[in-house]
Amino acid sequence: MSDTPINLEALRQRIDQLDGDIVRLISERASCAQQVAHVKLAEDENAIFYRPEREAQVLRRIMALNEGPLDAEEMARLFREIMSACLALEKPIKVAYLGPEGTFTQQAALKHFGDSAVSLPMAAIDEVFREVEAGAVNYGVVPVENSTEGVVNHTLDTFIDSSIRICGEVVLRIHHHLLVSENTRRDKITRIYSHPQSFGQCRKWLDAHFPHAERVPVSSNAEAAKLVKTEWHSAAIAGDMAAKLYGLAHIAEKIEDRPDNSTRFLIIGSDDVPMCGEDKTSVVVAMRNQPGTLHDLLEPFHRHGIDLTRIETRPSRTGVWNYVFFIDFKGHRDEPGVAAMLEEVSQQALELRVLGSYPQGVL
Ligand SMILES: C=C(O[C@@H]1C=C(C(=O)O)C=C[C@H]1O)C(=O)O
């Protein structure tokens, strides 16, 4: 078309103008966030700048305002980064995660806190809890359940002996790839490394495509990726972050058996989070070992119209904890209906502990 160059030029001018406006507006927003920090500091010299409930509200509002053509999640992700950068102007938030570098847990941490957060890899779930308890970091991120493989028992067990609070949740779509170092040929693969959870999530694909390769479980997907870097007859199952970190080649992409394969991670911290309007609560309840226990436990939830999202039973580890249930439900512990229900449950339980009320995952 003959007028294309003129239109292109005009469009580029408009884009330059808009970019100028966006830069000015983001800077103004950053100054406002800095002023908020000063107000908070004036009220309390140990004030915490990061407010999970406020961030959830900001992101939900952005999604509601969005009219396209970008989709609402994409727009919220951009704002997630803007907020993360604004917060880091005061003090970058420190987050411990189940490492090593390149794990899905690190990806979840950055999805939740944005790229300006300082993320620190820990060797084990207990260490993430310990770092938070010791105040060495502001928050921790640990996996809690996968849509294909179920609950991460170790995370639940760690809560039983800890005073840590759940401050948030983040759900990540998990895509696994079969990765090799650049000198490895597909027909030479005799061994595959990965985390046991990932083997579970890719079982059918592996049975169909690599039935004879030895499956070697290791402590994380990132560890698997690191190992194959120097092994010519091996492959690893891991995600994009690990593939990039270790410069591996993809032999096959998205090999998870279920296309909706996703993992839920918990954000753990030391403080309670106020209500944001769309909250969730996690509790752990110990009940006596007697007939009708589960019915008695669940009846108050039903009567108060509270929406359960998960219930998990774990074997007790002490004499007192006969039956231990981990229950997630919609609502915040400060809502009157929820508070009344919790009071009733605690009357029947050997012990009831609220692990936290927190914003439902936005992104
Ligand atoms: C600006 C605030 O502090 C932080 C920064 C936010 C932001 O950039 O929008 C939101 C919540 C806090 O993490 C606030 O509390 O409003």
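Order of appearance sets the numbers: ligands from 1, and atoms from 1 within every ligand.
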Return the residue, atom name and 0.1 Å-rounded distance of the protein heavy atom closest to [atom].
{"atom": "atom 2 (C) of ligand 1", "value": "V36 CG1, 3.6 Å"}
{"atom": "atom 13 (O) of ligand 1", "value": "E55 OE2, 2.8 Å"}
{"atom": "atom 4 (C) of ligand 1", "value": "F49 O, 3.4 Å"}

* To do: For ligand 1, find out whether one of its N or O atoms is nearer than 3.5 Å to an N or O atom of Y50.
  => no

* Given K40, Q35, R29, Q34, which one has a non-hydrogen atom that is nearest to atom 3 (O) of ligand 1? -> K40

* Asked: Between the candidates M83, R80, R54, which shows the shortest non-hydrogen contact distance to atom 11 (C) of ligand 1?
  -> R54

* Determine, stepwise, if the pair H195 / F104 fulfils ring pair (Phe, Tyr, Trp, His ring centres under 6.0 Å). => CA-CA 11 Å; H195 188 273; F104 288 110; over 10 Å; no

* Q360 side chain near R60 side chain, heavy-atom distance below 4.5 Å -> yes

* To do: State, yes or no, whether a side-chain contact exists between V95 and V118 at a heavy-atom distance under 4.5 Å.
  => no

* Taking atom CZ of R61 as the centre, report whether more than 12 heavy atoms of other residues, nucleotides or ligands fall under 6.0 Å from it. => no

* List the steps and the verdict of side chain to side chain donor-acceptor pair (under 3.5 Å) for D126 and H154. => CA-CA 9 Å; D126 318 49; H154 195 63; 2.8 Å; yes

* To do: Considering non-hydrogen atoms only, spot the tightest contact between F159 and R353 and give its length.
  => O-NH2, 2.7 Å

* Which atoms of ligand 1 sit under 4.0 Å from any heavy atom of L87? -> 4 (C), 13 (O)

